[in-house]
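Since the structure comes first, as structure tokens, the remarks are kept for the end.
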Amino acid sequence: VDMLVVNAYGGPGDTQIWLDDFTTSSQVTVYAASASDFDLGRLSPALNPLGTSKSGPAPQLQGSVLSVDGTPQLVRAIDHNGEPFAWLKTLGFNAVRLGTPPTSEQLREAEECGIWLVVPPPTNQSPREYGSGLQQIIAWDLGSQLTWPDVELTRRVAQQLRSLPADAQRAMICQPREATWELSRIADLTVLEPPGPNSALPLRDYGQWYLMRSRLLRIGSYYWAGI
């Protein structure tokens, strides 16, 4: 890439523009994949960012924007299926969504390679027991494919999380299958699913799809788009 051109013309008068960080972290190196690609010990130094701690101020939700130390962040998260965090980071992701509360090893791995975690809240310990690894958690995940019977339990869990000390509080997300309006009143961010895998909807129409789905949410609530 030699140049980035931003067409920001908004008509006569002043125009306020907000730009996200320009990085090349999403550039994917094309190579023949093999089982050894998942062996961190064999990754080249350029693809292995381990050993550099990226811990810093706790992420905070400011309106519709997740910020770290006052800097807005664009979260690019992927569901975790056993891959090394460092390898996922080389593909351009800056967050990993776990299906279970993080282990001490996962917290340490996330801290070492500087990647955020979206995780379910712990069920048998205080989040503050995570130590420095708590800094890598960017959001608490209240659940996926939630339906009407899940609403009351989700509400109780959210109330418990809001009573945590300030340094352990995070944005709360959920992914409803039903009761979208009710769940959007509980979580800070709602994850909207894309059209099904067999959908014929072209990619260019996804924006309109999410706009229509967002009308099911509580007025003024915010959402993340799943792809």
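Just so you know, these numbers use all the heavy atoms, side chains as well, and skip hydrogens, waters and symmetry mates. By convention here, the first residue in the shown sequence is residue 1. As the structure is a prediction and not an experimental result, all values here were calculated from the model.
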message: What verdict does the side chain to side chain contact (heavy atoms under 4.5 Å, CB included) test give for Leu117 and Glu111, after you've listed the backbone C-alpha separation in whole Å, the side-chain angles of each residue and the deciding distance to 0.1 Å?
response: CA-CA 10 Å; Leu117 299 176; Glu111 187 174 9; over 6 Å; no
- request: Under the side chain to side chain contact (heavy atoms under 4.5 Å, CB included) rule, what do Trp140 and Val119 come out as? Steps first, then yes or no, please.
  value: CA-CA 5 Å; Trp140 298 119; Val119 301; 3.7 Å; yes
task: Starting from the C-alpha separation in whole Å, work towards a yes-or-no answer on side chain to side chain contact (heavy atoms under 4.5 Å, CB included) for Gln16 and Trp18.
output: CA-CA 7 Å; Gln16 186 177 28; Trp18 291 77; 3.7 Å; yes
message: Is there a side chain to side chain contact (heavy atoms under 4.5 Å, CB included) between Val75 and Trp224? Walk through the geometry before answering.
response: CA-CA 9 Å; Val75 178; Trp224 280 354; 4.1 Å; yes
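Side-chain contact between Arg213 and Glu193: absent, with no pair of heavy atoms (C-beta onward) separated by less than 4.5 Å. Side chains of Pro121 and Val157 form a contact here, defined as non-hydrogen atoms less than 4.5 Å apart. Using a 4.5 Å heavy-atom threshold, the side chains of Ile173 and Thr190 count as separate. No side-chain heavy atom of Asp79 sits less than 4.5 Å from a side-chain heavy atom of Val96. Side-chain contact between Leu217 and Tyr222 is absent, with no heavy-atom pair separated by less than 4.5 Å. Taking the side chain as every heavy atom from C-beta outward, Glu182 and Arg155 never approach each other to under 4.5 Å. The closest side-chain heavy-atom distance from Leu88 to Ile78 is below 4.5 Å. A heavy-atom distance below 4.5 Å is not found between the side chains of Tyr223 and Ser184.
If you take OG1 on Thr180 and CZ on Arg218, they are separated by 13.5 Å, rounding to the nearest 0.5 Å. Arg156 contributes atom CZ, which lies 13.0 Å from atom CG of Leu161 (distance to the nearest 0.5 angstrom). For the atom pair CZ (Arg185) and OG1 (Thr154), the distance works out to 14.0 Å, reported to the nearest 0.5 Å. Between the CH2 atom in Trp209 and the CG atom in Leu203 there is a gap of 13.5 Å [rounded to 0.5 Å]. Distance CG/Leu189 to CD/Gln175: 12.5 Å, rounded to 0.5 Å. To the nearest 0.5 Å, atoms CG (Leu192) and CG (Leu216) are separated by 8.0 Å.
By the neighbour-count criterion of 12 heavy atoms within 6.0 Å, atom CD1 of Ile219 is sparsely surrounded, having that number or fewer from other residues, nucleotides or ligands. Heavy-atom contacts from other residues, nucleotides or ligands closer than 6.0 Å to CZ of Arg204 number 12 or fewer.
A distance-only check finds no donor-acceptor pair linking the side chain of Gln208 to the backbone of Tyr206 [under 3.5 Å]. With Gln60 contributing its side chain and Ser67 its backbone, the two residues share no donor-acceptor pair below 3.5 Å. The backbone N or O of Ile115 sits less than 3.5 Å from a side-chain atom of Gln136, completing a donor-acceptor pair. Asn94 contributes a side-chain N or O that, together with a main-chain N or O of Leu74, makes up a donor-acceptor pair within less than 3.5 Å. Of the possible donor and acceptor atoms, one in the side chain of Arg170 sits under 3.5 Å from a partner among the backbone N and O of Asp167. Judged by distance alone, with hydrogens and angles left aside, the side-chain atoms of Lys89 form a donor-acceptor pair with the main-chain N or O of Cys113 at under 3.5 Å.
Across every non-hydrogen atom of Leu107 and Gly133, the tightest pair is CD2-O, 3.6 Å. Contact record, Phe85 with Ala110: CD1-N, 3.7 Å, taken as the closest heavy-atom pair. Of all non-hydrogen atoms in Asp141 and Arg97, the two that sit nearest each other are OD2-NE, 2.9 Å. Here the shortest heavy-atom pairing between Gln135 and Pro59 reads O-CD, 4.0 Å. Heavy-atom minimum distance, Leu164 versus Gln169: O-NE2, 2.8 Å. Heavy-atom minimum distance, Arg177 versus Thr147: NH2-CG2, 3.3 Å.
The hydrophobic cluster containing Leu153 also contains Leu142, counting ILVMFWY residues as joined when their side-chain heavy atoms lie under 4.5 angstrom apart, directly or transitively. Each of Val65 and Val68 belongs to its own hydrophobic cluster when Ile, Leu, Val, Met, Phe, Trp and Tyr are linked at side-chain heavy-atom distances under 4.5 angstrom.
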